[in-house]
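Protein chains get the first letters and strands the later ones, always in sequence-line order, with residue 1 at the start of each.
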Number of protein chains: 2
Amino acid sequence: MRILTTTNSLTTDDLGSAAQRDRRRRILDATIALASSGGFDAVQMRAVAEQADVALGTLYRYFPSKIHLLVSALARTFEDTQTIVGRKPVPGDTPSERVIYVLRRATRGMQGDANLTEALTRAFMFADASVATEIHVVGMQLTTMLTRSIKGEAYVEGEQPSDEDVAIARVISDVWLSALVSWVTGRASAEDVADHIETAVRLVLR
Amino acid sequence: MRILTTTNSLTTDDLGSAAQRDRRRRILDATIALASSGGFDAVQMRAVAEQADVALGTLYRYFPSKIHLLVSALARTFEDTQTIVGRKPVPGDTPSERVIYVLRRATRGMQGDANLTEALTRAFMFADASVATEIHVVGMQLTTMLTRSIKGEAYVEGEQPSDEDVAIARVISDVWLSALVSWVTGRASAEDVADHIETAVRLVLR
DNA sequence: TTCGGAACTGCAACGTGTTTCTATTATGAC
DNA sequence: GTCATAATAGAAACACGTTGCAGTTCCGAA
């Protein structure tokens, strides 16, 4: 499932001693493992604490709620994916082709681990205002991934995408998230999701 | 599961004696009142039972979980709105104008009671597979409302909308729901929501 | 009217997210 | 190396969704 991340010295965002970073990593690893094995309900705070080898109070010191924990796990998952995939430009000759390619890949990836996806998606959707920060991180990741796909070769690191492109990316990510929710709750098949997204992308990018 | 019942005269959907319909109504009233006063967290099953003047076990007999309860409340809210608004054709000369009109109205309505909207929206998003039936009802209500707006005067009761129109309606309702979630979680202002929806509608309907 | 089963009440109990508290351990300044 | 402070462990307790159960009431059929 996960490639182990080296006990690296520098994380993206600083924050804490090596021991603390290690605890944080262990906690997120345990969260993802439990989510992957049994979905949202299997991510029980006592179980996460035990598997990460920290006390329950410590878990809550790092993540103030189960939802914070799962949304952070989602952010890290995206981050890891981006690190691996984000190197080479997205294949495809038109914006729709590229966006459809990327979403198809991402969707397949998530559907490959239904339990994990269920846990992360439901947490994301259930989050309330107190999780705004973590949610925002994920939102930015999504927007970046999509504007990058829209621009294709023309994309340059660090450049602000146009308002138009951001608006389009947001619409597409809304549809994608809703489709994932439908799939997670058993209201739509994998094929339904793929079709629906493709339709939406074609409607929006033309 | 019900065989015929003699007593009751007419409800929309059969189901139960007058006393049972009354209990169901009281429960949903209590749910909406509590949600309106304190949002999702304030809808506590014991409190709902007490306010509806039924035993806790009875509440669970009518609605097998808090999520079922809240999604059913959402369905009834929509239904009530439709009954009131659904008479006259939607004003506006183009599909986008009509859809924007309807969504603007609906959004304003929901934003007028932030707590209630928070409760209903979060429940809808958190629902798992066991709530599929109730969710489907709400989905149909949304689709109907939107295809009706798209067609405008051309809409005729009972006629199946085209696949194209349904696909468009689904994209728009995805965006609308996501926007509501953003608003509920404090990540977007009322104005943001209006702008985002308008952008999406213009993109999709052209 | 009487009877049998379904529906309802009241209440206790359980599971899991969350909080709280004390004792212990790690960390960093001096 | 010593000490003050922060971080952690361990465990109990609380809150609320949910379940289970014994006794009571309601309702339709005979």
Side-chain angles (χ1 to χ4, degrees), chain A residues 14-27 30-31 34-35 37-73 119-120 122-123 126-131 134, chain B residues 1-9 14-27 30-31 34-35 37-73 119 122-123 126-131 134:
Chain A
D14 151 87
L15 196 43
S17 69
Q20 285 172 330
R21 269 181 283 118
D22 195 56
R23 274 202 187 83
R24 186 185 157 88
R25 186 187 54 70
R26 290 206 313 273
I27 290 172
T31 302
L34 286 165
S37 81
F40 187 88
D41 291 340
V43 181
Q44 300 187 356
M45 300 305 269
R46 291 171 179 82
V48 171
E50 185 178 4
Q51 184 154 335
D53 201 34
V54 298
L56 187 57
T58 305
L59 173 53
Y60 273 93
R61 159 173 263 278
Y62 280 75
F63 300 95
S65 80
K66 174 171 175 173
I67 301 294
H68 284 81
L69 175 60
L70 281 166
V71 175
S72 300
L120 300 183
R122 289 182 66 205
F126 189 61
D128 69 358
S130 73
V131 204
E134 288 80 356
Chain B
M1 214 30 29
R2 316 209 66 268
I3 325 293
L4 66 161
T5 52
T6 44
T7 51
N8 64 353
S9 35
D14 152 88
L15 197 44
S17 68
Q20 286 173 330
R21 271 182 282 115
D22 195 56
R23 275 202 188 83
R24 188 185 156 87
R25 186 187 54 70
R26 288 207 312 273
I27 291 172
T31 302
L34 286 165
S37 81
F40 187 88
D41 291 339
V43 181
Q44 301 188 354
M45 299 304 270
R46 292 171 177 86
V48 172
E50 185 179 2
Q51 185 153 335
D53 202 33
V54 298
L56 188 57
T58 304
L59 172 53
Y60 274 93
R61 157 174 262 280
Y62 280 75
F63 300 96
S65 78
K66 175 170 173 171
I67 301 294
H68 284 83
L69 175 60
L70 282 165
V71 176
S72 299
R122 290 182 65 202
F126 190 62
D128 70 357
S130 73
V131 203
E134 287 81 356

Here the residues of residues 64-73 of chain A within 4.0 Å heavy-atom distance, strictly under, of DNA chain C are A:Ser65, A:Lys66
Verify the contact: side-chain N or O of B:Thr58 to OP1 or OP2 of C:dT9, cut-off strictly under 4.0 Å; return yes or no.
yes
Figure out the CG/P separation between B:Asp128 and D:dG17, and round it to whole Å.
16 Å
Minimal heavy-atom distance between A:Arg26 and A:Ala52, with the atoms involved, is NE-O, 2.8 Å
For B:Ser37, check side-chain contact (heavy atoms from CB on, under 4.5 Å) against everything at least two apart and list the hits.
none
Check: A:Arg24 and A:Ile27 side chains under 4.5 Å, non-hydrogen atoms
no
Find the distance B:Gln20:CD to C:dC8:C1' and express it as a whole number of Å.
11 Å
d(CG, B:Leu59; P, D:dG17) in whole Å:
10 Å
Taking only the side-chain heavy atoms of B:Tyr60 (C-beta and beyond), determine which of D:dG17, D:dA9, C:dT19 contains the nearest atom.
D:dG17
What's the separation between atom CZ in A:Arg122 and atom CG in A:Asp41, rounded to the nearest 0.5 Å?
6.5 Å
CD-CZ distance between A:Glu50 and A:Arg46, expressed to the nearest 0.5 angstrom:
11.5 Å
How close or far is atom C1' of C:dA7 from atom CG of B:Asp53, stated in whole angstroms?
15 Å
Measure the distance from CZ on B:Arg24 to C1' on C:dA7 and round it to the nearest whole Å.
16 Å
Using side-chain contact (heavy atoms from CB on, under 4.5 Å), reason through B:Leu56 and B:Met45 one step at a time and then give a plain yes or no.
CA-CA 7 Å; B:Leu56 188 57; B:Met45 299 304 270; 4.0 Å; yes
Mind checking if A:Tyr62 touches a base, just sugar-phosphate, or nothing, with heavy atoms under 4.0 Å?
sugar-phosphate
The reported gap from OG1 in B:Thr31 to CD in B:Gln51 (rounded to nearest 0.5 angstrom) is 9.0 Å
What does the list of N/O pairs under 3.5 Å between the protein and nucleotides 24-26 of chain C look like, with a distance for each?
none

Expressed in angstrom and rounded to an integer, what is the separation of B:Phe63 atom CZ from D:dT18 atom C1'?
16 Å
Only distances under 3.5 Å count here; give the side-chain donor-acceptor pairs of residues 62-73 of chain B to other protein atoms, sequence neighbours excluded, each with its distance to 0.1 Å.
unit_1, atom_1, unit_2, atom_2, d
B:Ser65, OG, B:Ile67, N, 3.3
B:Ser65, OG, B:His68, N, 3.1
B:Ser65, OG, B:His68, ND1, 2.8
B:Lys66, NZ, B:Phe40, O, 3.1
B:Lys66, NZ, B:Val43, O, 3.0
B:His68, NE2, B:Ser130, O, 3.1
B:Ser72, OG, B:His68, O, 2.8

Please answer whether the main-chain N or O of B:Ser17 pairs with a side-chain N or O of B:Gln20 as donor and acceptor at a distance below 3.5 Å.
yes
Of A:Leu56 and B:Leu56, the one whose nearest nucleotide on DNA chain D sits closer to the 5' end is A:Leu56
Output all residues satisfying side-chain contact (heavy atoms from CB on, under 4.5 Å) with A:Ala55, sequence neighbours left out; order by chain, then residue number.
A:Thr58
Using a 4.0 Å cut-off on heavy atoms, which residues in residues 41-51 of chain B reach DNA chain C? List them by number, or say none.
B:Arg46
Minimal non-hydrogen separation, A:Leu59 against A:Ala49, with atom names:
CD2-N, 4.0 Å
Could you tell me the separation between the CZ atom of A:Arg61 and the P atom of D:dT8, rounded to a whole number of Å?
6 Å
